[in-house]
Novice: 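If you scroll down you'll find the structure; I have some questions about it.
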Amino acid sequence: MPYFVSVPISIHAWSQSERTPAVLLAFRRNVIRQSSAFRGPGPPGSSRADMTEQNENVAFDPIRCEKANTLIQQGVSCYPHGFERTTTVSGVRERYESIGHDPATEQSALAGRLYTVRNHGKTVFADLGDETGRIQLYIRKNDLGDEAFSRFVELVDRGDIVGVSGRPFRTRVGELSLWVDDLCLLCKALSDLPEKFHGLKDTEKRYRQRYLDLVMNERARETFRVRSRVISFIRSFLADREFLEFETPTLQPVYGGANARPFTTHHHFLDQTLYLRIAPELYLKRLVVGGFERVFEISKNFRNEDIDSSHNPEFTMVEAYEAYRDYHQMMDLTEGLISGLVEQIAGTTTLEYDGQTLDFSRPWRRMTMADAVQEYAGIDVLSLDLEELGRIAAEHRVPDWSAAKNQREFLVLFFEFFVEDRLVQPTFIHDFPVENSPLAKRHREKEGFTERFELFINGMELANGFSELNDPRDQLERLLAQDRRRLEGDAEAQMIDYDFVNALALGMPPTGGVGIGIDRLVMLLSGHTSIKEVILFPQMKTAKEPAPDQE
RNA sequence: GGGCUUGUAGCUUAGUUCGGUAGAGCGACGGACUCUUAAUCCGUAGGCCAAGGGUUCAAAUCCCUUCAGGCCCGCCA
């Protein structure tokens, strides 16, 4: 987005001093807190054990602080209020793609961070980076003048943010560069950038200090651009189909819509327990009861479970519900959404991911869970009795099989054991046993099954949908069964949301619904195998100060 | 919950197998250099080797505990 010049850029801006902000005065004292100053017990009577511990070190570089002080003494603001740039790095690159060695006559004003500085005495080459890319600056003492040039060389560092004005040209070796006529400091950085060649690699540091990761690694920036585009695409895809986007409660008195352990909190004024939502499902269906026939929510959900390469305690889903549709049509919707997304982001119908080529061209394979087990394991579960199923399970060392009480439970076990990991290409598995699907409608033909599907890609579950259960009496019974399991100690079983059941009593049209995991979608589209790579600030254990020496 | 594995200067790292008390590059600082691009050249500073304990004449190195990561398995999206 172009910015337009309204004031001339000049090195004289350096001497148009502003009042020194109070915060900078502190820098003059060069106060750098050392971690050792924070060791040892807190004040008497204070209990910090239950407070959020954090690292209280301030990482200000004393040499950079001293440079900031010197600039202030010279009447130069280290943190001016703005800069009128006329273009961006990519703007310059596009416009002057074919320029030769002679500089353009027109000035271009750019702003950004200095990524490298190569000092040649009376000439400096530097690389300036903004959101659109990097470009080389050619800075000469002749052009800036002695005072401004030496100020730049002595007091401006790699990592600082500057504004420059100059004329694009191509150097003798062919590098498109900006011949700088004016330069001013826009922000003095007080900590050093990581190494310029290897950059920042330390995974832990990249996650904890994502800002540094983004400054240093184009791959990280690209990943989160993809994430943003994914969310925009989903919004417009659903809006184009006349879905309305709503926001439903994150703080819920009764949690439901999925099987998961919740985060629990307490509201002081109401003096009651509240839960962070594990899913928006039950609220969105209330909206369908209310007469909104196509609804969706991009929902941050919270599940108090383990953290690993495909699970973060808070994660993002899109859930969509459409009245007068069933699960077949929700599979169509899901397929259309994701294949359209792949085409939009990747520009093709295939993705290279984790050593596999994933083909998203439609139609995707759809198979029942029973057929999948038949095909991948050669076991016709529904035609075998429990004794035979137990023998097969024992033979293949299927974990926890002895708890299985009927064919359907064996089916789920066998599916997870034999099939799930092998579903590499986008595949819908449908018709799940009723026991594990308390919110899905019973199958129109198959006794004991529901009209539920899950989408698998590269062995990962990407989406989950059903023909929604809208029989209030059946819903109540199934939630009662869940609640019994919960009270027996199943931390992931659902509570009974009576208000939801009563909403169904008012009548919900036949409805199809689906939830799609956005983080995992972004993983596929950005080529990452860890969810932490696609969540800006993944959950990490708070780094504690080293414990005081034990006595 | 289980297994494997990592932590050395601001960053990227060597040294750990076969204990002898830390080496480099970049960055920083000082100096030279007006078309370089991981600029180059000369010089300087910077590390109680994640924390604590143990074995030993001697520990970054071996052992134990703790802290924080990473990978894999189980469970979940």
Novice: Ignoring hydrogens and angles, tell me if any N or O in the side chain of T427(A) forms a donor-acceptor pair with the backbone of F456(A) under 3.5 Å.
Specialist: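 Checking the backbone N and O of F456(A) against the side chain of T427(A), no donor-acceptor pair under 3.5 Å is found.
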Novice: OH/Y255(A) to CE/M495(A) distance, rounded to the nearest 0.5 angstrom?
Specialist: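 Y255(A) OH to M495(A) CE: 5.5 Å, rounded to 0.5 Å.
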Novice: Once rounded to the nearest 0.5 Å, what's the spacing between atom CG of L137(A) and atom CG of L128(A)?
Specialist: 5.0 Å
Novice: K122(A) has an atom NZ; how far is it from atom P of rA32(B), in whole Å?
Specialist: 9 Å
Novice: Strictly by Watson-Crick or wobble contacts shorter than 3.5 Å, is anything paired with rU55(B), and which nucleotide is it?
Specialist: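 Partner of rU55(B): none found under 3.5 Å.
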Novice: For D519(A), which contact category applies under a 4.0 Å heavy-atom criterion: base, sugar-phosphate, or nothing?
Specialist: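 No contact.
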Novice: For Y115(A) and rC11(B), what is the distance between atoms OH and P respectively, to the nearest whole Å?
Specialist: 18 Å
Novice: Mind checking if D490(A) touches a base, just sugar-phosphate, or nothing, with heavy atoms under 4.0 Å?
Specialist: nothing
Novice: How would nucleotides 2-8 of chain B be written as a contact map, 5' to 3', with B for base contact, S for sugar-phosphate-only contact and - for no contact, using protein heavy atoms under 4.0 Å?
Specialist: -------
Novice: Can you tabulate the close N/O pairs, meaning under 3.5 Å, that link protein atoms to atoms of nucleotides 35-37 of chain B?
Specialist:
unit_1: rC35(B); atom_1: O2'; unit_2: R172(A); atom_2: NH1; d: 3.3
unit_1: rC35(B); atom_1: O2; unit_2: R172(A); atom_2: N; d: 2.6
unit_1: rC35(B); atom_1: N4; unit_2: H101(A); atom_2: NE2; d: 3.3
unit_1: rU36(B); atom_1: O2'; unit_2: H120(A); atom_2: NE2; d: 3.3
unit_1: rU36(B); atom_1: O2; unit_2: R118(A); atom_2: NE; d: 2.8
unit_1: rU36(B); atom_1: O2; unit_2: R118(A); atom_2: NH2; d: 3.1
unit_1: rU36(B); atom_1: O2; unit_2: Q136(A); atom_2: OE1; d: 3.1
unit_1: rU36(B); atom_1: N3; unit_2: Q136(A); atom_2: OE1; d: 2.7
unit_1: rU36(B); atom_1: N3; unit_2: Q136(A); atom_2: NE2; d: 2.8
unit_1: rU36(B); atom_1: O4; unit_2: Q136(A); atom_2: NE2; d: 2.5
unit_1: rU36(B); atom_1: O4; unit_2: T171(A); atom_2: OG1; d: 3.0
unit_1: rU37(B); atom_1: O4'; unit_2: R118(A); atom_2: NE; d: 3.1
unit_1: rU37(B); atom_1: O2; unit_2: Q136(A); atom_2: OE1; d: 3.3
unit_1: rU37(B); atom_1: N3; unit_2: E175(A); atom_2: OE1; d: 3.3

Novice: With a 6.0 Å cut-off on ring centres, are F125(A) and H120(A) close enough?
Specialist: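 Ring centroids of F125(A) and H120(A) are less than 6.0 Å from each other.
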Novice: Once you round to the nearest 0.5 Å, how far does NZ of K188(A) lie from CG of D160(A)?
Specialist: 3.5 Å
Novice: To the closest 0.5 Å, what do you measure between CD (E322(A)) and CZ (F296(A))?
Specialist: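 So the gap between those two atoms works out to 12.5 Å.
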Novice: Distance check: side-chain N/O of K541(A) vs OP1/OP2 of rA68(B), anything under 4.0 Å?
Specialist: yes
Novice: Heavy atoms under 4.0 Å, any strand shown: does S191(A) hit a base, just sugar-phosphate, or nothing?
Specialist: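 Counting heavy atoms under 4.0 Å across all strands, no contact is made by S191(A).
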Novice: Over all strands shown, is G199(A) touching base, sugar-phosphate only, or nothing at heavy-atom distances under 4.0 angstrom?
Specialist: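 Here G199(A) touches the backbone only, sparing every base.
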Novice: Between atom NZ in K205(A) and atom P in rA50(B), what is the gap in whole Å?
Specialist: 15 Å
Novice: Does NZ or CZ of R277(A) come closer than 6.0 Å to the centre of the six-membered ring of F302(A), within 45° of the ring's axis?
Specialist: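 No, R277(A) and F302(A) do not form such a contact.
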Novice: Taking atom P of rA68(B) as reference, at what distance in whole Å does atom CE of M540(A) sit?
Specialist: 11 Å
Novice: Does any nucleotide pair with rU40(B) by Watson-Crick or G-U wobble geometry, both distances under 3.5 Å, and what is it?
Specialist: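 For rU40(B), the partner nucleotide comes out as rA32(B), under the 3.5 Å rule.
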Novice: Roughly how many Å is it from CG in D213(A) to P in rG69(B), rounded to a whole number?
Specialist: 16 Å
Novice: For rC71(B), give its Watson-Crick or G-U wobble partner with both distances under 3.5 Å, or none.
Specialist: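 Partner of rC71(B): rG3(B).
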Novice: Rounded off to whole Å, could you give me the CG-to-C1' distance for the L200(A) and rG10(B) pair?
Specialist: 11 Å
Novice: Give me the distances for all protein-to-nucleotides 72-75 of chain B N/O pairs that come in under 3.5 Å?
Specialist:
unit_1: rG74(B); atom_1: N1; unit_2: D306(A); atom_2: OD2; d: 3.1
unit_1: rG74(B); atom_1: N2; unit_2: D306(A); atom_2: OD2; d: 3.0
unit_1: rC75(B); atom_1: N4; unit_2: D308(A); atom_2: OD2; d: 3.4

Novice: Side-chain contact test, heavy atoms from C-beta onward, threshold under 4.5 Å: evaluate it for I516(A) versus M317(A) and give yes or no.
Specialist: no
Novice: What's the CD-P distance between E204(A) and rC11(B), to the nearest Å?
Specialist: 12 Å
Novice: If we call it a pair only when both distances are under 3.5 Å in a Watson-Crick or G-U wobble match, what pairs with rA14(B)?
Specialist: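 No nucleotide pairs with rA14(B).
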Novice: What pairs of residues pass the salt bridge (charged side-chain N to carboxylate O under 4.0 Å, His left out) test when at least one of them lies in residues 411-432 of chain A, not counting sequence neighbours?
Specialist: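 For residues 411-432 of chain A, and leaving out neighbouring residues, the salt bridge (charged side-chain N to carboxylate O under 4.0 Å, His left out) pairs sorted by first residue read D431(A)-K446(A).
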Novice: Using a cut-off of 4.0 Å between protein heavy atoms and nucleotide atoms, how would you tag nucleotides 23-28 of chain B 5' to 3' with B, S and -?
Specialist: --BBSS
Novice: Is any side-chain N or O of K532(A) closer than 4.0 Å to OP1 or OP2 of rG69(B)?
Specialist: no
Novice: If you go through the side-chain atoms of N142(A), does one of them form a donor-acceptor pair with the base of rU34(B) closer than 3.5 Å?
Specialist: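 When only heavy-atom distances are counted, N142(A) does reach the base of rU34(B) through a donor-acceptor pair under 3.5 Å.
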Novice: CZ of R208(A) versus C1' of rG70(B): gap in Å, rounded?
Specialist: 12 Å
Novice: Between R113(A) and D130(A), does any side-chain N to carboxylate O distance fall below 4.0 Å?
Specialist: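 A salt bridge is absent here (no side-chain N lies under 4.0 Å from a carboxylate O).
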Novice: Under a 3.5 Å cut-off for both distances, is rA50(B) Watson-Crick or wobble paired, and to whom?
Specialist: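 The base-pairing partner of rA50(B), which may sit in any strand shown, is rU66(B).
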Novice: Considering residues at least two apart in sequence or located in another chain, which fulfil the side chain to side chain contact (heavy atoms under 4.5 Å, CB included) criterion with A111(A)?
Specialist: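 Result, side chain to side chain contact (heavy atoms under 4.5 Å, CB included) vs A111(A): F83(A), R85(A), L186(A).
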Novice: Considering every strand and a 4.0 Å limit on heavy-atom distances, what is the contact class for G517(A): base, sugar-phosphate, or nothing?
Specialist: nothing
